[in-house]
Amino acid sequence: MKDSRIPKRRAALVIAGAVALTTASLTLQSADAAAPMSAVQAGRLAQRIGADRTVEPAGSYYDAAAHKLVVDVLDQAAAAKVRAAGAEARIVKHSAAELASARRTLGAEAAVPGTAWSVDPKTNKVVVTVDSTVKGARLAKVEKAVAALGDKVAVKKTPGRIRPLVAGGDAIWGSDVRCSLGFNVTKSGEPYFLTAGHCGNASSTWSDTQGGAQIGTTESSSFPGHDYALVRYTSDTAHPSAVDLYNGGAQDISRAATATVGEQVQRSGSTTQVQGGQVTGLDATVNYQEGTVNGLIDTSVCAEPGDSGGALFDGDTALGLTSGGSGDCSSGGETFFQPVPDALQAFGAQLP
């Protein structure tokens with residue numbers, strides 16, 4: 001019978017080669033993990049890590065200064081998997097389930113107009129925003145609910161009033177309201193555009209100048225609950241897949257994506273034109289006087305009445321539609337946006 005064993009010297013060479021290859025593989029993997037990434041790349045990586053049920057991240061955010069994704073986890077085993085995937089891991093106290101439970105408690109016990117909340121992965125807490133209209137018994141109700149949740153929740157007070165940003169003026173005009181066009185889209189091959197749902201609720205027809213000819217009609221609108229509307233073009237108005245930069249130029253839009261906490265973003269609107277800021281939270285709940293809207297993007301971007309429906313974007317990527325907020329572009333503010341992917345899915349629409 002022929003001896004099929006490998007001679008000792010040859011076996012040693014095979015093992016040495018295998019070790020060398022493994023070392024090289026790990027070195028390359030580490031180099032890839034350390035490579036700078038964009039916010040969009042970080043968002044995609046966060047989605048892949050979030051889909052791994054053995055990791056169960058408590059949240060994630062993009063570190064713009066270091067160009068890396070940071071993922072909150074509960075133990076070292078999960079941290080090792082996150083690092084192997086190419087992100088930085090951070091051990092935190094509260095799980096995603098605990099923070100989600102805190103949000104449900106707030107929804108049941110503190111949902112008063114003038115409040116909003118979202119998870120801040122940088123602090124591993126639910127941040128509750130309270131505007132200046134929340135006083136007396138309503139403020140006491142919020143404070144009681146927050147106190148019962150302990151260190152899972154932090155309160156932030158904001159001047160002014162949290163409101164949808166509708167006004168009379170230019171841009172897209174409805175009956176007695178002015179809003180801003182979000183993104184041009186298509187549905188079944190026909191041209192449409194997206195704007196805010198509270199704008200769609202306020203008018204069934206739209207023009208691009210005050211008192212001008214009709215350019216579109218509201219086909220579908222959702223507010224509160226969500227804040228998106230679909231308007232069908234009824235004229236031959238140009239409808240490029242681009243955002244007005246109010247400097248004579250435009251930003252082409254080629255795709256829609258989910259925003260990432262820490263991402264630097266821009267907003268275009270008819271009142272304050274182009275403003276920038278950072279994504280501070282996702283899946284935000286906002287309690288307007290008109291009702292509650294869930295699933296919004298929370299940002300440090302300012303906005304003012306008339307900017308409603310306008311585009312939130314990062315380069316060529318469509319992210320959100322301006323919903324509402326507090327403050328202004330003189331003193332600063334906080335603005336919430338309806339995610340574009342949710343609107344596209346709800347209406348069966350696509351970017352051109």
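Source: prediction; values computed, not measured.
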Note, H67 side chain near Y62 side chain (heavy atom, < 4.5 Å):
yes
Look at the aromatic rings of F347 and Y228 and report parallel, tilted or perpendicular, splitting at 30° and 60°.
perpendicular
Keeping S180 on the side-chain end and G269 on the backbone end, is there a donor-acceptor pair under 3.5 Å?
no
Check this for me, if you would: do D151 and K125 make a salt bridge, where the nitrogen-to-carboxylate-oxygen distance has to be below 4.0 angstrom?
no
I need the single residue from K156, R161, R163 that forms a salt bridge (charged side-chain N to carboxylate O under 4.0 Å, His left out) with E334. Which is it?
K156
side-chain contact (heavy atoms from CB on, under 4.5 Å) for L69 and I49? Distances and angles first, verdict last.
CA-CA 11 Å; L69 176 70; I49 292 173; 4.3 Å; yes
Might you point out which heavy atoms bring L99 and V126 nearest each other, and give the distance in Å?
O-CG2, 3.7 Å
Of the non-hydrogen atoms in R232 and E219, which two are nearest, and what is the gap between them?
CD-OE1, 4.0 Å
Identify the two heavy atoms, one from P121 and one from T280, that lie closest to each other, and give their separation to 0.1 Å.
CD-O, 4.5 Å
What do the steps show when you test S268 against D244 for side-chain hydrogen bond (donor to acceptor under 3.5 Å, both in side chains), and what is the final call?
CA-CA 7 Å; S268 178; D244 188 356; 5.8 Å; no
Under 4.0 Å between a side-chain nitrogen and a carboxylate oxygen: does that hold for R90 and D72?
yes
Can you list every pair that meets side chain to side chain donor-acceptor pair (under 3.5 Å) and has a residue in residues 335-349, with sequence neighbours left out?
none
Measure across V134 and P113 and return the closest heavy-atom pair with its distance rounded to 0.1 Å.
CG2-O, 3.5 Å
Do NZ/NE/NH1/NH2 and the carboxylate oxygens of K81 and D52 come within less than 4.0 Å?
no
Quick check against the 3.5 Å criterion: does T115 have a side-chain atom that pairs as donor or acceptor with the backbone of V130?
no
Does a side-chain heavy-atom distance below 4.5 Å link L319 with F337?
no
Closest non-hydrogen atom pair between S308 and A196, with its separation
C-CB, 4.4 Å
Would S241 and N184 satisfy side-chain hydrogen bond (donor to acceptor under 3.5 Å, both in side chains), going step by step from the backbone distance to the final call?
CA-CA 6 Å; S241 186; N184 285 315; over 6 Å; no
Walk me through whether V274 and V243 qualify under side-chain contact (heavy atoms from CB on, under 4.5 Å).
CA-CA 10 Å; V274 178; V243 173; over 6 Å; no
Could you tell me which non-hydrogen atom of N124 sits nearest to which non-hydrogen atom of H94, and how far apart they are?
OD1-N, 2.8 Å
